[in-house]
Trainee: 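Here you go, one structure.
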Amino acid sequence: MKKSVIFGAAALALSAGAAFAGTLDDVKARGKLNCGVSTGVPGFAEPDANGVWQGFDVAVCRAVAAAVLGDSTAIEFVPTTGKTRFTALAAGEIDMLARNTTWTFSRDVDLKFEFVGVNYYDGQGFMVPTALGVSSAKELDGATVCIQTGTTTELNLADFFRANNISYEPVPIETGSEAVQLFLSGACDVYTTDASALAAQRANFANPGDYVVLPEIVSKEPLGPLVRHGDNNWGDIVRWTLNALITAEELGVTSDNIATLGASANPSTPEINRLLGTEGTLGEMLGLDAEWAKRAIMAGGNYGEVFANNIGEDTNIGLARGVNAKWTDGGLIYSPPFR
């Protein structure tokens, strides 16, 4: 079943370059961005009490919509599962995917997608009930494991248990919410997925202290937005919108000072001038106006603000920056220069 989904996405993607080479024109003509997101991961992508989508990944969609359409709310959010996300993108049902998706060789090359960058460096972890009495994933021999199908998580799980010569019984699920329901009901001993998602889900449990995330991180999961191969201009727009958020944090451009900084060029801040469109022609190179990046940043703040407001230590998700700190603070978050 899993193979047919992947091969189907690959077949669709082969013709995507020719069929969807004018994504920017399509988005402008439609008047809204179709953005694929998850079916719901707290802090990353989920609708609030009023049905308005919020979250760390959602913020990337809103930044792109603001850059292209001048309106961060001009978006149709399309919930996708681990199985349906690639088919939706390849078929043109969505213009971009911003859904805790891992950048891998086969997805980039075989499925003909283009990852435009990394907005969160993650790794796969394991969560168990405290009552299970284990302190390491290597003690999970014979455990039942809730695992989302069609994901790198499924493959990493098999590799980890095989490498440690232990066995498990998979409990396949389609969505994170389904996994949580089964896990909390005792239908599986273990829930495994990206460590960030485990922390996000655990924070929403009625009794989070009854569950523990084990110390092992068993994979590299560079998560980021992606588009189809074959439309380099659209890929550039999504890539450099993400880079604009990252660069803004590095240069100290925030939602509080951006209006002042972007009012006119300052001779002492040439890269800020180029970023905010008061100098140079970067917007024109993308087929956008001069203030595209300024609008993207104003949509939800710079990368640090987006992180802090959605998943940071002062939210109920409570994630530290860690390797997702900017490079000048010893992290991996880094953007090429705006010049």
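Along the sequence shown, residues carry numbers from 1. The shown structure was predicted, so the numbers you read here are calculated from the model rather than taken from an experiment. We use all heavy atoms of the structure for the numbers below, so side chains are in, but hydrogens, waters and symmetry mates are not.
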Trainee: Output yes when Arg239 and Glu114 qualify as a salt bridge under the 4.0 Å nitrogen-oxygen rule, no when they do not.
Mentor: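 Salt bridge flag = yes for Glu114 with Arg239.
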Trainee: Could you tell me whether Asn165 atom CG has more than 12 heavy atoms of other residues or ligands within 6.0 Å of it?
Mentor: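 Check fails, neighbour count at 12 or below.
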Trainee: Between His229 and Leu111 (side chain of the first, backbone of the second, donor and acceptor by atom type, cut-off under 3.5 Å), is there such a pair?
Mentor: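 No, because the side chain of His229 does not come within donor-acceptor range (under 3.5 Å) of the backbone of Leu111.
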Trainee: How would you list all residue pairs meeting salt bridge (charged side-chain N to carboxylate O under 4.0 Å, His left out) that involve residues 269-278, not counting sequence neighbours?
Mentor: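 Output for this query is empty, none listed.
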Trainee: With a 4.5 Å heavy-atom cut-off, do Pro47 and Val52 have their side chains touching?
Mentor: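 No, their side chains stay 4.5 Å or more apart.
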Trainee: Please test Asp25 against Lys28 for salt bridge (charged side-chain N to carboxylate O under 4.0 Å, His left out), starting from the C-alpha separation and ending with a verdict.
Mentor: CA-CA 5 Å; Asp25 292 337; Lys28 286 182 174 181; 5.8 Å; no
Trainee: How close do Tyr191 and Cys146 get, heavy atom to heavy atom, and via which atoms?
Mentor: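 The answer is CD1-O, 3.8 Å.
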Trainee: Does the plane of the ring in Tyr211 sit parallel, tilted or perpendicular to the ring in Phe183? Use 30° and 60° as the thresholds.
Mentor: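 Taking Phe183 first and then Tyr211, their aromatic rings sit tilted (interplane angle of 30° to 60°).
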Trainee: So, do Ile246 and Lys326 sit near enough that their side-chain heavy atoms are less than 4.5 Å apart?
Mentor: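 Ile246 vs Lys326: side chains apart.
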Trainee: Hey, what's the ring geometry for Phe307 with Tyr120, parallel, tilted or perpendicular (30° and 60° as the breaks)?
Mentor: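 Because their plane-to-plane angle is under 30°, the rings of Phe307 and Tyr120 count as parallel.
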Trainee: For the residue pair Asp95 and Trp234, what are the closest heavy atoms and their distance?
Mentor: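 So the two residues come closest at O-NE1, 3.0 Å.
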Trainee: Could you pull out the closest heavy-atom pair between Gly31 and Ala74, with the gap in Å?
Mentor: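 Where Gly31 meets Ala74 most closely, the heavy atoms are O-CB, 3.6 Å.
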